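In what follows, a structure is listed as structure tokens, so that the remarks can point back to it.
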Amino acid sequence: MHRVLGDRRAVVILLGPALLVYSLIMLVPMVWSLGYSFTKGNTIDGFTGNGLANFQRLVTDPAVREALWFTLKYAAAVTAGQVVAGYLLALLYVFFLKKASALVRTLVFFPVVLPTVAVGLLFQKFFQIAPQTGPVNSLLNAVGLDSVDWFGSAGHAFWVLIIMDVWRSMGFYAVLLFAGLVDIPEEVLESARLDGATGVRLVRHIVLPMSFPVLMSSLVFSINGTLKVFDSIVALTNGGPGNSTSPLTLYMFQTSFTYGDYGYGSTVALLLTVVCLLVSLVVFRLSRRDLTEG
């Protein structure tokens, strides 16, 4: 293996096709999109250069600020919900259910494979107020509370989105974190128990530090996915009411394909790319902290 990896020709042969495909699929479109950021127009009317006008518009556009704030708020809430719920489920699988966890893992994972549109329609029915009262409002009525128009206000619609996306994806993160927890040597856990570490102390001082790498991987995976959310928003609220639940991705899509301004849409996409890179760098920087200290 060392001789193969030490041979430059072998490295080029092994990595060359993958790098070529990656460049054609990822890097070339990114550079192309960056070029569009300095233009105005679309494929029908043609493109004309406009210098830094798109970037100047980006700085002063209130719709971008609202979409950016919603994107960050949504990403923080959903990432926290996905990772925390997934980690708690993984702990349940490993330390309580153990070998009997296979059925529960399958049931909890099932929403992951459901189409996003189907999940969106399901939650619309759950939380609807008219023409028929959904199960959630029926439950509120049963305990003497008034029905709530969950999709009529920005705050309510936001939390319905959070609940839907956490429910839909927590099974995936539970399995991902479960794979990290089962790799912890049983001898280490037994030694910790003999030293008196049980329950929360065992998780805090032994399990959490030893599963920290996979936990950080889950965090990066989750936050990058939630920053680029699109399908679940379109399926459930389509950015409404008004534009109160419109993330940067939806604003970019509408700008480019609804209003035909590819240049400004590409500029919004560039902003989203920079945000993803900055957030990932912050997470990686925080991951250097040693959890065994303190």
Side-chain angles (χ1 to χ4, degrees), residues 63-92 107-129 133-140 145-177 215-253 272 275-276 279-280 282-283:
V64 167
R65 289 195 294 270
E66 293 176 7
L68 177 60
W69 169 241
F70 174 81
T71 300
L72 295 175
K73 181 173 62 171
Y74 170 90
V78 175
T79 297
Q82 288 176 342
V83 176
V84 171
Y87 198 74
L88 292 175
L89 284 169
L91 291 173
L92 178 69
L107 293 175
V108 175
F109 188 83
F110 181 70
V112 178
V113 301
L114 293 176
T116 304
V117 174
V119 176
L121 291 173
L122 176 66
F123 271 76
Q124 284 180 356
K125 294 296 182 181
F126 275 157
F127 289 90
Q128 73 178 357
I129 189 172
T133 302
V136 174
N137 279 322
S138 295
L139 182 62
L140 292 177
L145 299 176
D146 294 332
S147 296
V148 176
D149 186 2
W150 295 98
F151 301 106
S153 68
H156 290 141
F158 174 78
W159 286 112
V160 174
L161 277 168
I162 301 303
I163 293 170
M164 184 187 79
D165 275 337
V166 171
W167 174 81
R168 187 169 67 99
S169 56
M170 66 181 182
F172 171 79
Y173 290 95
V175 171
L176 187 64
L177 293 164
L215 186 61
M216 294 309 301
S217 299
S218 301
L219 187 63
V220 172
F221 193 84
S222 174
I223 202 163
N224 271 284
T226 52
L227 284 172
K228 295 178 287 188
V229 64
F230 179 79
D231 53 351
S232 59
I233 301 287
V234 173
L236 186 62
T237 67
N238 198 30
N243 294 317
S244 59
T245 59
S246 291
L248 282 173
T249 50
L250 183 57
Y251 184 61
M252 172 192 67
F253 176 84
L272 180 60
V275 170
C276 290
V279 171
S280 297
V282 170
V283 173

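Because the structure is a prediction, the values reported are computed rather than measured. Values reported hereafter were calculated over all heavy atoms of this structure, with side chains retained and with hydrogens, waters and symmetry mates removed. Heads up: numbering here begins at 1 and tracks the sequence.
Contact annotation: the side chain of M170 never approaches that of L88 to less than 4.5 Å [non-hydrogen atoms, C-beta and beyond]. The side-chain heavy atoms of L140 and N137, taken from C-beta on, include a pair separated by under 4.5 Å.
When all heavy atoms of V112 and S169 are compared, the closest pair comes out as CG2-CA, 4.4 Å. Among all heavy-atom pairs drawn from A77 and F158, the shortest one is CB-CZ, 4.2 Å. Contact detail for V283 and M216: the closest heavy-atom pair is CG1-CE, 3.4 Å. Residues A75 and I223 share a closest heavy-atom pair of CB-CG1, 4.5 Å. For the residue pair S147 and I129, the shortest heavy atom distance occurs at CB-CD1, 3.9 Å. When all heavy atoms of L161 and S232 are compared, the pair lying nearest together is CD2-O, 4.0 Å.
Residue K73 qualifies as enclosed at atom NZ: its count of foreign heavy atoms under 6.0 Å is above 12. Crowding of F109 atom CZ: a count of heavy atoms from other residues, nucleotides or ligands under 6.0 Å exceeding 12.
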Query - side chain to side chain contact (heavy atoms under 4.5 Å, CB included) between Y251 and T71, intermediate numbers included - result: CA-CA 11 Å; Y251 184 61; T71 300; over 6 Å; no
Query raised in the report: Please walk me through it: do K228 and C276 pass side chain to side chain contact (heavy atoms under 4.5 Å, CB included)?
Result: CA-CA 8 Å; K228 295 178 287 188; C276 290; 4.0 Å; yes
Query raised in the report: How far apart are the C-alpha atoms of L122 and F126, what are their side-chain angles, what is the distance that settles it, and do they pass the side chain to side chain contact (heavy atoms under 4.5 Å, CB included) test?
Result: CA-CA 6 Å; L122 176 66; F126 275 157; 3.8 Å; yes
Requested in this report: For the pair M164 and V119, evaluate side chain to side chain contact (heavy atoms under 4.5 Å, CB included) and give the outcome as yes or no after the intermediate values.
Outcome: CA-CA 8 Å; M164 184 187 79; V119 176; 3.6 Å; yes
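Going from atom CG of L89 over to atom CG of L177 covers 9.5 Å, rounded to the nearest 0.5 Å. Taking OH from Y87 and CG from L91, the interatomic distance works out to 5.0 Å, rounded to the nearest 0.5 Å. Atom CD1 of I163 and atom CH2 of W150 lie 7.0 Å apart (nearest 0.5 Å).
Take L139 and apply the side chain to side chain contact (heavy atoms under 4.5 Å, CB included) test, not counting sequence neighbours, and it matches no residue. Scanning for side chain to side chain contact (heavy atoms under 4.5 Å, CB included) contacts around A118 gives P115, with sequence neighbours left out. Remark: W167 pairs with F123 by the ring-ring contact (aromatic ring centres under 6.0 Å, His included) rule, at least two apart or across chains. Remark: L68 engages L72, L248, V275 in a side chain to side chain contact (heavy atoms under 4.5 Å, CB included) (not counting sequence neighbours). For F172, the ring-ring contact (aromatic ring centres under 6.0 Å, His included) partners two or more places apart in sequence, or in a different chain, are F221.
S246 places no side-chain N or O within 3.5 Å of a backbone atom of A67 that could act as its donor or acceptor partner. In this structure a side-chain-to-backbone donor-acceptor pair under 3.5 Å is missing from S222 to L219. Judged purely by atom type and a 3.5 angstrom limit, D231 has no side-chain atom pairing as donor or acceptor with the backbone of V117.
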Tell me which donor-acceptor pairs under 3.5 Å the side chains of residues 233-243 have, and how far apart each pair is, sequence neighbours excluded?
{"residue": "T237", "atom": "OG1", "partner": "I233", "partner atom": "O", "Å": "3.4"}
{"residue": "T237", "atom": "OG1", "partner": "G239", "partner atom": "N", "Å": "3.2"}
{"residue": "T237", "atom": "OG1", "partner": "T245", "partner atom": "OG1", "Å": "2.9"}

